[in-house]
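To keep things clear, I will list the structure first and then write my remarks on it.
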Amino acid sequence: MFQIVRKQEMAKGTIIRFDISAPKIAKKIKAGQFVILRVNETGERIPLTVADKDEFAGIITIIFQVVGKTTALMRSLNEGDLIKDVVGPLGKPAHTDKVGTVVMVGGGTGVAILHHVAKAYKEAGNFVISIIGARDKEMLILENDMAQISDELVVTTDDGSYGQRGFVTDPLKKYLDERQDIKQVYAIGPIIMMQNVVKLTEKYKMPTMVSLNPIMIDGTGMCGGCRVKVDDVTQFCCVDGPDFDGFKVDFAELLNRNSMYMKEEKDSLLFSIK
Amino acid sequence: MLDQDVKYLKFKTYLNSYCPHCHESFNTEKKDVKQIEFKSKYKGEEIDLILSPYLDVFEVEASVPIQEGDLVDDISCPHCKKTLIHAETPCGECGSPVAEVIVSAASKLIPFFLCSKHGCEWHGITKRDERRIKLKIPRQDMPEQDQTLRVHNWQEVPYGYTSELALLEAGRCLQCKKPMCVDGCPVNVDIPDFIALVAEEKFDEAAKKIKETNVFPAICGRVCPQESQCEAKCIVGHKDKPVAIGRLERFVADYERKMDLVKIPQIIDNTGQKVAIVGSGPGGLTIAADMRQLGYSVTVFEALHETGGVLTYGIPEFRLPKSIVQFEIEYLKEMGVRFELNHVIGNILTVDELLEHFDAVYVGVGAGLPMFMGLEGESLGNLFSANEYLTRMNLMKAYRFPEYDTPMPKGHNVVVVGGGNVAMDCARTAARSGCENVTIVYRRSRHELPARAEEVHHAEEEGIKFKLLNNPVRYLGTDNNKVKAVECIQMELGEPDASGRRRPVPIEGSNFTIECDMAIVAIGNGPNPIIFDSTPDMKLNKWGYIEANEDTNETTKAFVYAGGDIVTGAATVIQAMGAGRIAARAMHEKLTEKREAAKKKPAAKKKTTN
């Protein structure tokens, strides 16, 4: 059993932050890796990327958006409550070597993962430019945390209620046009956003890593549910990823696979309300 | 001449017996009880001898009670009054004179001998006739759930033998001097001995006998491919169907468990050494039991949230009830084996880190990475690997969705690709979850189906269709990217390949499609890279599995052992158990050496300090 030591609601309670006591995982987990969590006996296994860790306190931080039954159930948990299973670290760590200047692009809850990776890039001695986006001001998360670890930070909102109006690709294009020293782009967020980032960076032949979040069950390579096509080869996101070369990922397929259980998710949520 | 040939046999079947002279029947019925009557003489007095129909209880109705151990003077036919005493053949146990009767057993008339000494239970029959009778007893089927009802529930299909059926089946064993069945068993269970104990109704002892070599008979009796192992070698099988060794194994194990006769073994003195086992599947559980029994502190690390490995996530409830798996695991826990769930070794702890805390490590992680054929459309929705499908259904209990949160994959027309046990499991699980038409597509013919014969038989009974000699070439999708059909090509069998099976060759232009709204790919699994990536000094073989010494299961890394699917590639539960056992033996030897060496060392140190 794993205890929630701190809970914080963000974005009008639609995004939640949990600090969970998991000393063994905290000791080992690296930026880009994820955990799988099962709330209770009847719960499903859901993958969640880790936004931060405190090795000494033995704490990992997860941030999730309330989208379905399990995340709704998780929102109802409070500090001191227990989570049945947390398994991790899973997946391969992000490559966060020193390359010079990097642009970190994150959208929605993807900013949570971005934070962990950007922090690692910063610690490796890179010049970190971060672009984070959200639908509107309310939905924006981790602005201060990102500011602390970034050399430059740009915030965008779709409706212009905060920061620049528009999508994350707009400032990214500007940076790519203006700065010649950028060596690497790292993008994480909704699939459409990552797809658009890659479309843009492809024109500049700018190496771009994306962190994928397909449907998973076990997270250890066993089920194959998280298969994605990368460079026309089937890869398992949980053991081969979650980070892949953005130019090679078949985003269309990923989008299809991720919408496979829309109906069941709704049914499950309705069942739990009843 | 006969005496050397005569053999003891305890009949448990109803026997009709006749006089060898007048051929009149000895059988009578008194108060609805069938019995056998003779005339006899004892101390000069004529008496009636009454035998129970099972020929094992001597009941005597006589005016003078016969003393235990006394001989009767004569046994004769009540009809023709001729004596039945057979001069040439003495009793095989006490050497007393015997009476000869003719019995009809399995529609054959054979001579049968009874000892004339009261209290001696010896019955003799010539060896040739014994064989003849045994060969005539048909192989006993297990009673099982009605096929039309069982597709609507998840309960186990066979109910298992009753004691009577087990006794009948055990009576078929010839007790060969050189038992081939033992060679056929990957862990060399002493099969004739345990069956002999069954025949003597010592079911409990029979279970203990198996457990000397196989820790989990309740599991093996259910999932072993007996027809290609022990039962394939059975001599009875040359003339008739082989002795149902697996069913007997299952029966005694269930008997022991249900009668609460399982005893937790006494753990001998702790060795002070610790062993880590990676993976709680059949191999891991076997070595855990063995090492614990030898007095080691044993910790099993499991990646999932439940123990049992393939026994839990893979094999469905209706084939191997999870309560049995959990019973065995509880047994290990009571022995003192510790289980650490949610530990993906390689990530949370590496093998090297384990070696810092443990004296030896066993890697039994199985072959868990599902294979795909690389066909067009394999990423379509509602197309699953067998692993995903079974994990959802068994481990995550998706069949109880939405009570359990994991959604259940469902379709009207389901295609399962593959012909192994896993394919059968998927097909039968689908049938139980309300999928209407389930079709198995397999590229070879029926003869080559790798699944257990019983599973194929059960699948057919449950209405699963078999499209044999067909292979998928691509999957077609709907507009919203869900699978809608499988395009297949017909195959024919060509020359035998390396595995000895005839290679399937596609027939040009024979393509056709099968409509479906769900497809499951059950064509096998490969090695999972997680543990290798963090253990570069553990050598792999050319197929990407761990290289391990065949005799000891030692890897190229010191104090690290490996076995099961991660060494051999996908195989069977019993082979993984065998591998665990081999490693246990070698590990114990090595750790004993280490212990002895450590004992000597401090002594040597003392000398130098002196």
Side-chain angles (χ1 to χ4, degrees), chain A residues 2 24-25 27-29 33 35-36 38-46 68-70 73 84-92 217-229 233-234 236 238-240 250 252-257 259-261 263-265 267-272 274, chain B residues 302-306 310 313-314 340-344 346-350 353 365-372 374 378-392 395-398 400-410 477 480-482 521 525-530 533:
Chain A
F2 298 81
K24 277 183 177 172
I25 299 174
K27 200 172 155 193
K28 276 300 177 88
I29 200 156
Q33 286 185 305
V35 293
I36 279 202
R38 192 174 74 126
V39 181
N40 54 24
E41 193 48 48
T42 57
E44 57 182 338
R45 290 169 69 99
I46 59 162
K69 180 179 172 183
T70 301
L73 174 67
K84 187 133 183 29
D85 300 292
V86 179
V87 54
L90 297 168
K92 288 186 172 152
I217 300 178
D218 64 296
T220 61
M222 202 178 83
C223 75
C226 64
R227 59 190 186 273
V228 287
K229 224 171 254 156
V233 178
T234 299
F236 292 166
C238 62
V239 286
D240 302 315
D250 187 339
E253 189 187 294
L254 181 67
L255 206 56
N256 287 331
R257 288 193 63 77
S259 55
M260 227 171 358
Y261 290 104
K263 189 184 170 294
E264 285 85 351
E265 267 171 31
D267 290 350
S268 181
L269 192 62
L270 287 174
F271 177 84
S272 64
K274 278 180 208 160
Chain B
E302 167 57 46
L304 294 174
H305 59 258
E306 233 166 88
V310 72
Y313 78 75
E340 290 277 2
L341 302 175
N342 295 322
H343 275 64
V344 180
N347 285 356
I348 195 157
L349 287 166
T350 61
E353 284 166 326
V365 295
L369 221 59
M371 289 203 261
F372 287 94
E378 260 179 356
S379 57
L380 287 166
N382 260 14
L383 188 152
F384 305 96
S385 72
N387 268 4
E388 175 172 2
Y389 183 65
L390 292 175
T391 304
R392 278 178 185 274
L395 178 76
M396 305 310 296
K397 301 195 174 67
R400 284 163 73 177
F401 178 82
E403 180 197 347
Y404 277 73
D405 297 345
T406 305
M408 174 172 78
K410 210 174 161 179
N480 57 359
N481 288 296
K482 291 204 172 179
V521 182
N525 294 307
N528 190 317
I530 293 180
D533 289 351

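Lettering of chains follows the sequences in order, A, B, ..., and the numbering in each one begins at 1.
At least one side-chain heavy atom of A:Ile29 sits less than 4.5 Å from a side-chain heavy atom of A:Val35. Looking at B:Leu369 and B:Pro529, their side chains come closer than 4.5 Å, going by heavy atoms from C-beta outward.
In this structure, chain B has no heavy atom under 4.5 Å from any part of A:Val228. Within the 4.5 angstrom heavy-atom criterion, only backbone atoms of B:Leu349 (N, CA, C, O) approach chain A. Interface remark: B:Thr391 contributes side-chain atoms only to the contact with chain A (heavy atom separation under 4.5 Å). Of the atoms belonging to A:Leu90, heavy atoms from both backbone and side chain fall under 4.5 Å from chain B. When heavy atoms are compared at a cutoff of 4.5 Å, A:Asn256 approaches chain B solely by way of its side chain, counted from C-beta outward. In this structure, no portion of B:Asn525 lies under 4.5 Å from any heavy atom of chain A.
Rounded to the nearest 0.5 Å, atoms OG1 (A:Thr42) and CZ (B:Phe401) are 11.5 Å apart. Taken to the nearest 0.5 Å, the CD atom of B:Glu306 stands 5.0 Å off from the NZ atom of B:Lys397. Here the CZ-SG distance, from A:Arg227 to A:Cys238, works out to 12.0 Å after rounding to the nearest 0.5 Å.
Taking the six-membered ring where tryptophan is involved, the planes of B:Tyr389 and B:Phe384 are tilted, since the angle between them lies from 30° to 60°.
The choice from A:Lys229, A:Arg45, A:Met222 that makes the most heavy-atom pairs within less than 4.5 Å of chain B is A:Met222. Options A:Gly91, A:Gly221, A:Gly43, A:Gly225 differ in how many heavy-atom pairs under 4.5 Å they form with chain B, and the most are formed by A:Gly221. Contact count against chain A (heavy-atom pairs under 4.5 Å) is highest for B:Asn347 among B:Leu395, B:Asn347, B:Leu383. Options B:Ile348, B:Leu380, B:Ile530, B:Leu390 differ in how many heavy-atom pairs under 4.5 Å they form with chain A, and the most are formed by B:Ile348. Note on A:Gln33, A:Glu41, A:Glu253, A:Lys24: by heavy-atom pairs under 4.5 Å with chain B, the leading option is A:Lys24.
By the 6.0 Å contact criterion, NZ on A:Lys27 is open, its count of non-hydrogen atoms from other residues, nucleotides or ligands being 12 or less.
B:Glu353 has a carboxylate O that lies under 4.0 Å from a charged side-chain N of A:Lys28, or vice versa, which qualifies the two as a salt bridge.
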